[in-house]
Protein chains: 2
Amino acid sequence: MFKPLDPLLHSQLRLAVMSLLISVEEAEFTFLKEKTESTAGNLSVQLDKLEKAGYIGIEKSFKGKRPLTTCKITQVGVKAFEAYVENLRNYIE
Amino acid sequence: MFKPLDPLLHSQLRLAVMSLLISVEEAEFTFLKEKTESTAGNLSVQLDKLEKAGYIGIEKSFKGKRPLTTCKITQVGVKAFEAYVENLRNYIE
DNA sequence: TAAATAGGTTTACATTATAAACCATTTTAT
DNA sequence: ATAAAATGGTTTATAATGTAAACCTATTTA
């Protein structure tokens with residue numbers, strides 16, 4: 001009935017990030033920060049967790065002279081997100 | 001876009017409890033415990049929080065000689081649950 | 001009458017989330 | 001030239017949260 005909800009995804013900010021990343025090729029740190037209206041610190045920490053879980057990939061480069069962090073959802077991440085949503089439905093429908 | 005998710009409802013166990021209570025006249029502690037597969041301690045704590053928020057009402061009585069705790073969702077609780085679900089949709093759809 | 005069960009509550013602990021503080025560099029203003 | 005502000009983040013300290021273990025009272029069973 002109530003399947004466990006992946007704790008990594010059952011977090012407002014991480015869920016918002018995954019929600020953004022699932023519908024886009026890739027996204028920059030600042031884009032995610034604006035869309036989620038989070039602080040940089042919080043976002044940084046949560047992106048790390050998602051990366052360590054293998055849900056997203058993070059690439060660091062430069063845009064001009066400025067550092068640039070680019071995020072991309074992985075196949076593992078897509079699967080996890082879909083499973084989470086599926087499980088969640090049992091709670092809210 | 002991403003409206004804040006009521007922290008009181010964005011918790012696996014509390015959400016499961018609310019999900020059960022919303023579709024039933026009232027429910028006993030032991031019923032909720034079985035359906036949610038939670039420990040009694042955890043359930044007790046979470047029910048307290050829901051009650052303090054005014055999302056549920058808790059009545060204590062006796063069934064025969066045994067203590068009986070009965071829970072019932074309030075109108076405030078119903079509203080909060082519906083708002084939560086509505087907000088959540090932006091994250092998962 | 002001792003032990004097990006029922007129906008919980010309290011509390012201690014571990015995990016988590018969050019923002020404040022920080023860092024390196026770059027741009028703008030003076 | 002240089003001080004001040006802005007950019008693009010990361011680290012870390014603290015608060016808040018979730019959870020189960022330990023506990024409690026009463027009842028039933030052996």
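Residue numbering restarts at 1 for every chain, and letters A, B, ... go by the order of the sequence lines.
- Listed in residue order, the members of residues 41-51 of chain B having a heavy atom less than 4.0 Å from DNA chain D are B/Gly41, B/Asn42, B/Val45, B/Gln46, B/Lys49.
- Taking every heavy atom of both residues into account, A/Phe2 and A/Asn90 meet most closely at CE2-O, 3.8 Å.
- Here D/dT17 presents its P atom at 8 Å from CG of B/Leu8, a figure rounded to the nearest Å.
- A close approach under 4.0 Å does not occur between any side-chain nitrogen or oxygen of A/Thr30 and OP1 or OP2 of D/dG8.
- Here B/Ser38 contributes atom OG and B/Gln46 contributes atom CD; the two are 9.0 Å apart, rounded to the nearest 0.5 Å.
- A/Cys71 approaches A/Ile58 most closely through the heavy-atom pair SG-CG1, 4.3 Å.
- For the residue pair A/Asn87 and A/Pro4, the shortest heavy atom distance occurs at ND2-O, 3.5 Å.
- Taking a 4.0 Å limit (strictly below) on heavy-atom distances, residues 56-73 of chain A reaches DNA chain D at A/Lys60, A/Arg66, A/Pro67, A/Leu68, A/Thr69.
- Rounded to a whole Å, the NE2 atom of B/His10 is 10 Å from the P atom of D/dG18.
- The nearest pair of heavy atoms linking A/Leu68 to A/Lys63 is CB-N, 3.9 Å.
- Checking A/Lys60 against A/Thr69 by side-chain atom types alone, a donor-acceptor pair falls below 3.5 Å.
- Scanning all heavy atoms of the two residues, the minimum distance from A/Ser19 to A/Ile22 falls at O-CG2, 3.4 Å.
- Within 4.0 Å (heavy atoms only), A/Ser38 reaches no atom of the nucleic acid at all.
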B/Lys72 and B/Glu59: CA distance, side-chain angles, deciding distance, salt bridge (Lys or Arg N to Asp or Glu O under 4.0 Å) verdict | CA-CA 8 Å; B/Lys72 202 168 176 171; B/Glu59 293 249 322; over 6 Å; no
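- Minimum heavy-atom separation, A/Lys49 to A/Leu8: O-CD2, 3.7 Å.
- Distance, A/Glu28 CD to D/dG8 P: 9 Å, rounded to whole Å.
- Looking only at side-chain heavy atoms (C-beta outward), A/Phe29 and A/Pro67 stay at 4.5 Å or farther from each other.
- With a heavy-atom cut-off of 4.0 Å to chain B, the contacted part of DNA chain C has its first and last nucleotide at C/dA6 to C/dT11.
- At least one side-chain heavy atom of B/Leu15 sits less than 4.5 Å from a side-chain heavy atom of A/Leu88.
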